[in-house]
Amino acid sequence: MTKLYDKISQALRDNEGVLRIGKLKDAVDYQKSVDSFRRELKAWTEADSCPIRFEVSGYIAYGDTDFSEWSKKHRGRGKLTDYTVLRVWSRAGGQCQFPGCTKDLTEDPLTKSVGNFAQIAHIVAASPDGPRGCEDLSQRLGDKFENLMLLCYPHHRLIDTDVDQYSVEVLNDMKRRHEDRLDAFLASTDAYETHMVLISGVIRGQPTRIVQAEAARALSPRFANNRVLEVDLTNALPEETDDLYWRSGAEILKKRLRQALEPRPNERLDHLSVFALAAIPLLVLAGRLIGDKRRAELYQNQRDLNSWSWFEEVESADTTIELVRPETIAKDRTAVLALSFSQDVDIDQVRATVGGDIDLYVMRAAEPSYNWLKHRVQLDAFRKKYLQIQDELERKYGKTRTLHVFAAVPAPVAIEIGRSLHPKVAPELVVYDYIDGLYVRGLVIPKDISSVP
């Protein structure tokens with residue numbers, strides 16, 4: 001802009017301060033129509049104390065023969081270079097740099113339509129009269145990368161409306177912290193690729209739905225591979241009251257999950273991130289099929305927050321797990337494991353369902369609740385205690401024992417029940433589900449997973 005103002009100034013000097021617009025346009029070699037050039041000049045001249053003025057006809061410009069000082073003060077912002085725009089986008093990771101926002105600015109969050117939803121904001125305005133503008137800094141920093149932030153529209157408007165709260169120092173700190181976090185993420189050894197596994201089924205007659213975008217937000221510092229491994233059972237199974245429900249469920253789950261976990265050419269499935277909502281017996285089977293040889297992270301749906309992210313305040317995590325063993329053990333009695341984490345398992349009903357004499361093991365959270373599982377360390381604590389019980393069962397009952405499992409547990413715990421089965425000492429599992437106030441026999445998960453129907 002400054003160069004253009006300088007050319008206009010020179011053209012007016014050459015013509016003693018008066019010049020027709022057409023001639024002025026030609027003099028500055030401006031590639032627009034006369035009317036367009038006139039409208040743009042008029043917009044400039046309406047700014048504060050511009051030395052150029054128009055006659056009523058609008059086609060003759062006149063004014064001071066030198067207004068270079070004014071042009072420097074009111075030069076406005078020029079067009080950013082492609083390199084500068086690319087650098088701003090790259091260093092922001094395509095996200096809003098306002099703390100706590102991190103919106104993906106390549107997608108509309110409501111319609112999911114793809115596009116450019118970003119605004120490039122100036123920390124120090126390009127004009128001294130703009131937000132946080134300064135006579136010296138506006139000219140010196142202008143459209144340099146160091147003076148630019150990537151923001152969503154609401155936060156761009158916010159920082160330019162409340163300049164007292166969002167000072168130059170505050171915005172520079174925002175920009176620095178966001179870029180530092182991105183650098184740390186890319187340098188982190190934990191920032192590896194993961195494949196999302198989405199398993200959705202039917203719970204108490206209601207189909208579940210896992211929103212991929214919500215699940216993906218829980219992955220940080222990992223990032224998701226473009227191929228999502230999705231196993232949707234919501235429309236694949238008969239009614240829960242149908243005698244074929246569990247057998248059909250096992251067959252379909254085994255087929256679809258194994259297909260999903262089969263790597264494509266030149267693809268590596270080094271790590272899985274598992275998000276699941278389905279009946280407990282099917283989740284236990286899914287865990288058995290996934291196994292523990294491949295690294296995997298299990299995620300809990302925090303329903304109250306519409307989030308899949310783990311809570312970070314480890315100090316508040318309740319990892320207390322009570323273990324009650326049978327007073328005496330007999331190899332001719334049925335071994336039963338009751339898991340009370342989401343709510344208490346009805347022990348009397350368990351005894352009536354299994355029938356006969358049982359050896360009852362009870363694992364229980366200190367305070368069972370649907371909101372019990374909030375921290376990774378709680379899942380780790382369960383796994384440790386569960387492996388301990390497996391070793392104990394093998395020592396006391398031998399390797400051929402069948403274990404009946406009644407589980408009131410969150411989905412990740414159910415998957416861990418199947419996933420953490422030790423291949424050498426694991427018992428055969430008979431997993432029950434709770435339907436309409438009654439425990440019903442669900443799936444039998446054998447020691448040899450290949451023998452699952």
Side-chain angles (χ1 to χ4, degrees), residues 201-206 240-241 245-246 249 276-288 298 300-301 303 318-330 333-374 378-379 381-390 392-393 396-397 401-421 426-445:
V202 176
I203 300 177
R204 296 185 180 89
Q206 297 298 317
E240 290 175 324
T241 54
Y245 177 80
W246 296 110
L277 292 171
I280 296 293
L282 292 173
L283 293 178
V284 175
L285 176 58
R288 190 76 173 98
L298 311 181
Q300 165 69 354
N301 181 25
R303 290 183 290 182
D318 183 4
T319 58
T320 304
I321 297 177
E322 303 168 358
L323 175 58
V324 179
R325 298 174 174 84
E327 294 181 0
T328 61
I329 293 175
R333 293 200 289 254
T334 302
V336 177
L337 174 61
L339 302 171
S340 299
F341 290 86
S342 298
Q343 63 183 28
D344 278 309
V345 172
D346 187 331
I347 299 303
D348 291 336
Q349 197 172 351
V350 167
R351 293 182 184 277
T353 302
V354 177
D357 295 331
I358 67 173
D359 286 342
L360 178 63
Y361 287 80
V362 179
M363 282 177 62
R364 183 180 184 275
E367 296 183 6
S369 164
Y370 283 102
N371 295 321
W372 171 76
L373 186 59
K374 296 181 178 180
Q378 293 175 290
L379 190 59
F382 169 82
R383 185 175 190 273
K384 182 178 179 180
K385 189 73 72 173
Y386 178 59
L387 290 172
Q388 177 185 333
I389 286 184
Q390 287 187 58
E392 196 169 308
L393 290 173
K396 295 180 178 180
Y397 296 105
R401 194 70 175 183
T402 295
L403 180 64
H404 293 249
V405 179
F406 294 78
V409 297
V413 173
I415 294 174
E416 199 65 70
I417 293 170
R419 185 168 176 259
S420 296
L421 284 172
E428 176 184 77
L429 297 185
V430 180
V431 187
Y432 293 75
D433 199 15
Y434 192 68
I435 301 176
D436 295 333
L438 296 173
Y439 290 110
V440 298
R441 187 183 176 106
L443 290 176
V444 176
I445 301 178

| said: I need the Glu416 CD to Leu421 CG distance, nearest 0.5 Å. | reply: 10.0 Å
| request: For Arg364 and Ala366, indicate whether the former's side chain and the latter's backbone hold a donor-acceptor pair under 3.5 Å. | output: yes
| said: I'd like to know if the side chain of Gln378 and the backbone of Lys374 have a donor-acceptor N/O pair within less than 3.5 Å. | reply: yes
| request: Please step through side-chain contact (heavy atoms from CB on, under 4.5 Å) for the pair Leu443 and Leu282, ending with a clear verdict. | output: CA-CA 8 Å; Leu443 290 176; Leu282 292 173; 3.9 Å; yes
| query | Is a donor on one side and an acceptor on the other found under 3.5 Å between the side chain of Glu392 and the backbone of Leu387? | reply | no
| field | Whether Ser369 side chain and Ser342 backbone form a donor-acceptor pair below 3.5 Å | value | no
| field | Minimum-distance pair of heavy atoms, taken over all atoms of Ile445 and Pro281 | value | CD1-O, 4.3 Å
| query | Distance only, no hydrogens: is a donor on one side chain within 3.5 Å (strictly under) of an acceptor on the other, for Glu428 and Thr402? | reply | yes
| Is the backbone N or O of Leu379 less than 3.5 Å from a side-chain atom of Gln300, with the two atoms forming a donor-acceptor pair by type? | no
| request: Kindly say whether the aromatic ring centers of Tyr439 and Tyr432 come within a distance under 6.0 Å. | output: no
| Aromatic contact, Phe341 with Phe382 (centres under 6.0 Å) | yes
| What heavy-atom pair brings Ala338 and Ile347 nearest, and what distance separates the two atoms? | CB-CD1, 4.0 Å
| query | Can you find a heavy atom in the side chain of Glu322 that is under 4.5 Å from one in the side chain of Met363? | reply | no
| query | Okay, side chain of Asp433, backbone of Arg441: is any donor-acceptor separation there less than 3.5 Å? | reply | no
